[in-house]
Amino acid sequence: MSRSGDPGDGWHGLARVFRFPSSRRRVRADVDAELAFHVEERTAELMEREHLDRARAESEVARRFGDLAEYRRQLRTIDDAGFRRDARSEIMSTALREFRQALRSLRRSRTFAWLAVVTLALGLGASTTIFSLLDRIVVQPLAYPYADRLVRIGTKWPGIKAGEEYGTSVFMFQRFHEQSKTLDQIGIYHRDLFTLPAEGSLEAERVSGIDASASLFGVLGIRPELGRIFTAEDQIPLDPQVIVLS
């Protein structure tokens, strides 16, 4: 694209052809430089062949070229697509080259290879476990209707094991139940171990469970598969005890 007798422009053209664009900014700069190169070539040609001054030559070149902004947009689109294609190819080529180099290095040192494999296995296993826990505890919603409206109420005592949170007492539960204006429902529970007494040929057995208020099931939106859940009458002291089996 350079004029004969001007070797500098020729070398500049070769450099422009074989330079790999390292960014979209480089791509756009190359497009602008290419258009400017062609405009300058045509301007110089008109000045030399038709003996026009620079202003008239530039005006004539602009008329003949047409909408340079549209040409620039089209060329940038084409070059951007080529840049993305070349970048993907370069990334894949680099990754494959690094993978082959890593394999050769591991083959030369079997002990290091085994250590690397064990380290990777432990790291991946630990990462998978942590992600599973975070996904279940933090990301996934609780397995209850309207889980985003559930809150847990606790009590902190300043100066006594600072930072630790204690459960709400039965007295505070009653206060919240009677006076709260922001809670639709409130329930209370306490984890404990219980003893199933021996009967017939069955031995006594310790089982885990909770003491729960009847309102807890309504708070969590739980419905029984069979039978019924607790009612307010089941909470009367000294009445026969009722249990719900999970």
Side-chain angles (χ1 to χ4, degrees), residues 95 99 102 106 111-246:
F99 180 72
L106 292 176
T111 302
F112 174 77
W114 279 109
L115 288 175
V117 170
V118 171
T119 302
L120 284 174
L122 291 176
L124 290 174
S127 300
T128 302
T129 301
I130 294 173
F131 174 78
S132 300
L133 290 175
L134 289 176
D135 181 60
R136 179 174 298 179
I137 297 173
V138 179
V139 179
Q140 293 184 2
L142 298 175
Y144 303 107
Y146 309 108
D148 58 327
R149 299 178 59 191
L150 290 176
V151 295
R152 181 176 180 272
I153 300 174
T155 303
K156 288 186 177 181
W157 295 92
I160 302 177
K161 293 185 179 180
E164 290 193 15
E165 186 176 298
Y166 298 86
T168 301
S169 66
V170 176
F171 171 75
M172 290 301 299
F173 164 71
Q174 293 291 348
R175 292 287 299 273
F176 277 120
H177 179 69
E178 295 171 359
Q179 301 182 19
S180 174
K181 305 298 183 182
T182 58
L183 301 174
D184 290 338
Q185 298 184 73
I186 184 171
I188 190 171
Y189 67 92
H190 172 67
R191 294 183 181 274
D192 206 344
L193 290 174
F194 302 89
T195 301
L196 294 180
E199 183 175 349
S201 60
L202 299 178
E203 298 181 354
E205 183 180 356
R206 294 281 283 177
V207 297
S208 62
I210 64 172
D211 285 316
S213 64
S215 58
L216 180 66
F217 296 92
V219 170
L220 299 179
I222 295 176
R223 299 291 180 267
E225 293 288 341
L226 294 173
R228 66 176 181 85
I229 55 177
F230 297 154
T231 64
E233 289 74 17
D234 296 323
Q235 297 182 162
I236 299 176
L238 303 180
D239 270 18
Q241 294 185 346
V242 182
I243 64 171
V244 173
L245 301 178
S246 66

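The number of heavy-atom neighbours closer than 6.0 Å to CZ of Arg175, taken from other residues, nucleotides and ligands shown, is 12 or below.
Across all non-hydrogen atoms, the minimal contact from Gln185 to Val219 is CB-CG2, 3.6 Å. Residues Phe230 and Val242 share a closest heavy-atom pair of CE2-O, 3.5 Å. Counting all heavy atoms, side chain and backbone alike, Tyr144 lies closest to Leu220 at CD2-O, 3.5 Å. Here the closest non-hydrogen pair linking Ala232 and Ala214 is N-CB, 4.1 Å.
Listed by chain and residue number, nothing satisfies the ring pair (Phe, Tyr, Trp, His ring centres under 6.0 Å) test with Phe173 (two or more places apart in sequence, or in another chain). Under the rule for a side-chain hydrogen bond (donor to acceptor under 3.5 Å, both in side chains), the partners of Arg152 that lie at least two apart in sequence or sit in another chain are Glu165.
Ile243 contributes atom CD1, which lies 12.0 Å from atom CG of Asp234 (distance to the nearest 0.5 angstrom). Note that OG of Ser215 is 12.5 Å distant from CG of Asp184, once rounded to the nearest 0.5 Å. Distance check: Thr168 OG1 to His190 NE2 gives 13.0 Å after rounding to the nearest 0.5 Å.
Only one option out of Ile186, Ile229, Ile222, Ile210 pairs with Leu216 in a side chain to side chain contact (heavy atoms under 4.5 Å, CB included); it is Ile210.
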Quiz: residues 193-207 side-chain donor-acceptor pairs under 3.5 angstrom, not counting sequence neighbours:
unit_1 : atom_1 : unit_2 : atom_2 : d
Thr195 : OG1    : Arg206 : NH1    : 2.8

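Checking side-chain atoms of Ser213 against main-chain N and O of Ile188 turns up a donor-acceptor pair under 3.5 Å.
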